[in-house]
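If you're wondering where the values come from, they're calculated on a predicted model, not measured in any experiment. Here, residue 1 is the first one in the sequence, and each next residue gets the next number.
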Amino acid sequence: AARVVGVLDELAARLPSAVAGALAAFATISLGRTLWGAPVGRLAGWILLSTYGFLFWSRTAAADMENLAAVIVAVAWFRRWEERESWWLYVGFALICGVGAQAKGLAAIVLPLVVLAPHLLRGGRLRAHLRPGPIVLVSLSLALAYLGPFVAAEWLRGDDASLFASLRAGDPRSGLFMAFQENVQRFYAPHDHRGPVYTYLLALPVLGLPWSIVLGASVVELVRTRRRLDPDTRWLLWAIVLVFALFTASSSRRSYYILPILPFCAIAAAVALSRPGRSRLLGAALRWTSAALGGVLVLELVAGVLAMPLGASGSVAVPPALVAATLGLAVLGSFVATRREGSFVGAARATGLPVDVVRPMLLAVVVFGGYFIVQYPALDGFRTEKPFALALGSEAGELPPERIAFVWHVPALFPFYLDTAAPLPALRDAEAVRAFVAGGPGLIVASPRSLSRLGSGPEGVFGREPVLSEVLHPWSPRDERLSAWRIGDGADRAGVLSIPGGG
């Protein structure tokens, strides 16, 4: 991505997730069209592309959208080409899963199999695929896409021992050992991210905004009429249940882990909304969604009006683009919200959506489109860690990365903004601080909270003013404020450091 953009900046860092999001949307539309027809695929795509969780993670420099894309692309690929049973069906499926697993982990291999299991276990399909030819093709393709890079890395290390000796010995340098630790071991004995068992019951409604009510009502409607459903829709319900159950069964839980369920929920909602004679529950869910989005637009209007005198007073530097976008979205959204349903017939023909879905869909596009395209970038001016990190890089000058240390832990964004792949030291006790100071010129970065973990506040640890401090807003927590102290610059060291416990 950096080669495409020309420099490793935020655009390059976010680009892979954006591309993965586009692929996931395409695969969702394709799966809906393949199994239920073009209207369902189109509606599923609209729902997914206007969902908060999907949009947020499609612009975030993390591997979670690549994981989601691998899952839905693999499932869509298999269902699209399954009837042909050609070699390309198995090779393509395995390569997609393997590449996805390289991006995030083994979930990209396990989840497509879990999703497809109810379909394969029906009508003897599994027996048809469990033949020597498909098994060999899938195994070789997975080995190439997933194990290949790990084996190459072991070989390039030049160890005389077996390529897999480090895995057996538990060597933390081994990619395969880390894959085992972060996937298999994390499932039953995680070392962090131990969310409560109800984590995803709370997370899914947030990730599914603003369609959470519609998604829930759609699943309820399909379950209620399950005896009249076609086999593919029953499979879809089982897929959603199994994905939710698998993530809940894992001992390692974090809200965004369950992102891969969103495309399947979007398809389920599209199927339910496209059925003739749908229940009143779905109609009510659409109206509640429109009302909730209308409430957001009222808040936009209030926020825009309040922001104008706040910015004019100079107490908070409110970006003009943020105020203009907030008021503009409120006006545009109110125009959509107050129109009669009959006036959306033309929009329904243009978009291919049911008429009663057009209003909430347009409101969702206004609210989330305006937020992510204009408002969220304008809020970038309120960030404090980023400008501090950039200023720290200027202050560091020619210092090597190992001479820029952080007390207790290194915040995740600093290696990126300091443009280094080398590890930055984390000083977790007084002895580590003293050893770092003795090593020569450098910078120590700390906050009042991290210093307190050494047993003293900043005034008791560092005897002079920092060379750089994070500029905070009135509402920012003071104990998280980062400051940087220069050491070993030729000044008298007496009194500069007063670490509890001596020295």
Side-chain angles (χ1 to χ4, degrees), residues 20 23-24 26-37 41 63 66-152 154 163-164 167 175-176 179-180 183-184 187 230-247 249-250 260-261 263-264 267:
L23 288 174
F26 176 81
T28 301
I29 296 169
S30 176
L31 181 60
R33 179 181 294 152
T34 298
L35 300 182
W36 294 277
E66 286 88 326
N67 183 52
L68 180 153
V71 173
I72 186 63
V73 170
V75 172
W77 176 276
F78 191 90
R79 293 304 311 264
R80 173 71 185 273
W81 303 109
E82 180 185 13
E83 298 302 325
R84 300 189 183 185
E85 293 189 21
S86 66
W87 66 273
W88 189 234
L89 163 70
Y90 304 106
V91 171
F93 177 79
L95 289 178
I96 294 167
C97 292
V99 172
Q102 279 291 343
K104 175 73 175 177
L106 292 174
I109 298 175
V110 174
L111 283 174
L113 295 175
V114 169
V115 168
L116 290 169
H119 170 72
L120 294 175
L121 292 173
R122 191 178 70 243
R125 292 184 180 87
L126 184 61
R127 190 182 308 112
H129 293 293
L130 287 180
R131 293 178 285 110
I135 292 175
V136 170
L137 286 172
V138 170
S139 300
L140 290 177
S141 300
L142 273 178
L144 174 66
Y146 184 67
L147 292 179
F150 288 109
V151 174
E154 293 285 323
L163 291 177
F164 298 97
L167 175 64
L176 285 171
F180 172 82
N183 291 269
V184 180
F187 188 87
D230 60 278
D232 287 325
T233 304
R234 287 199 293 271
W235 160 72
L236 181 64
L237 283 176
W238 272 112
I240 293 172
V241 170
L242 289 175
V243 171
F244 187 89
L246 181 67
F247 279 107
S250 171
I261 203 173
F264 302 103
I267 296 173

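- Distance CG/Leu35 to CG/Leu236: 8.5 Å, rounded to 0.5 Å.
- Take Ser30 and apply the side-chain contact (heavy atoms from CB on, under 4.5 Å) test, not counting sequence neighbours, and it matches Thr34, Arg80.
- The minimum heavy-atom distance between Pro263 and Pro260, with the atom names listed, is CD-O, 3.3 Å.
- Shown here for Gln102 and Tyr146, the closest heavy-atom pair between the two residues is NE2-O, 2.7 Å.
- Remark: side-chain polar atoms of Trp77 are paired, donor with acceptor, to backbone N or O of Leu89 under 3.5 angstrom.
- Between Leu106 and Asn183, the shortest heavy-atom contact is N-OD1, 2.6 Å.
- By the salt bridge (charged side-chain N to carboxylate O under 4.0 Å, His left out) test, Asp232 is found to be paired with Arg79, residues two or more places apart in sequence or in another chain being considered.
- Of the residues listed (Leu237, Leu31, Leu242), the one engaging Phe264 in a side-chain contact (heavy atoms from CB on, under 4.5 Å) is Leu31, and it is the only one.
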**Request:** Before giving the answer on side-chain contact (heavy atoms from CB on, under 4.5 Å), spell out for Arg125 and Leu116 the whole-Å C-alpha distance, their side-chain angles and the decisive distance to 0.1 Å.
**Result:** CA-CA 11 Å; Arg125 292 184 180 87; Leu116 290 169; over 6 Å; no
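- By the side-chain contact (heavy atoms from CB on, under 4.5 Å) test, Leu95 pairs with Val91, Ser141, Ala145, sequence neighbours left out.
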**Message:** Go through it in stages, so that I can follow the logic: the residues are Val115 and Phe78, the test is side-chain contact (heavy atoms from CB on, under 4.5 Å), and I'd like the CA-CA distance, side-chain angles, deciding distance and then a yes or no.
**Reply:** CA-CA 11 Å; Val115 168; Phe78 191 90; over 6 Å; no
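- Ring-plane geometry between Tyr90 and His129 is classed as perpendicular, the angle between the planes exceeding 60 degrees on a 0 to 90 degree scale with a lower cut at 30.
- With hydrogens and angles disregarded, no donor-acceptor distance shorter than 3.5 Å links the side chain of Asn67 to the backbone of Lys104.
- The two residues Ala76 and Ala27 come nearest to each other via the heavy atoms CB-O, 3.6 Å.
- With contacts defined as side-chain heavy-atom distances shorter than 4.5 Å, the pair Phe93/Leu137 does not qualify.
- Leu246 has its side chain within reach of Val110: a pair of non-hydrogen atoms, C-beta onward, lies under 4.5 Å apart.
- Looking at every heavy atom in both residues, Ile109 comes nearest to Cys97 through CG1-O, 3.7 Å.
- Residues passing the salt bridge (charged side-chain N to carboxylate O under 4.0 Å, His left out) test with Arg131, sequence neighbours excluded: Glu85.
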**Asked** After noting the C-alpha distance and the side-chain angles of Ile261 and Phe247, does the key distance pass the side-chain contact (heavy atoms from CB on, under 4.5 Å) rule?
**Response** CA-CA 10 Å; Ile261 203 173; Phe247 279 107; over 6 Å; no
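- Applying the side-chain contact (heavy atoms from CB on, under 4.5 Å) test to Val241 and every residue at least two apart in sequence or in another chain returns nothing.
- Taking the side chain as every heavy atom from C-beta outward, Arg122 and Arg234 never approach each other to under 4.5 Å.
- Atom CZ of Phe187 sits in a crowded spot, with more than 12 heavy atoms from other residues, nucleotides or ligands closer than 6.0 Å.
- Ala24 meets the side-chain contact (heavy atoms from CB on, under 4.5 Å) test with Phe54, Leu68, Ala69, Ile72; sequence neighbours excluded.
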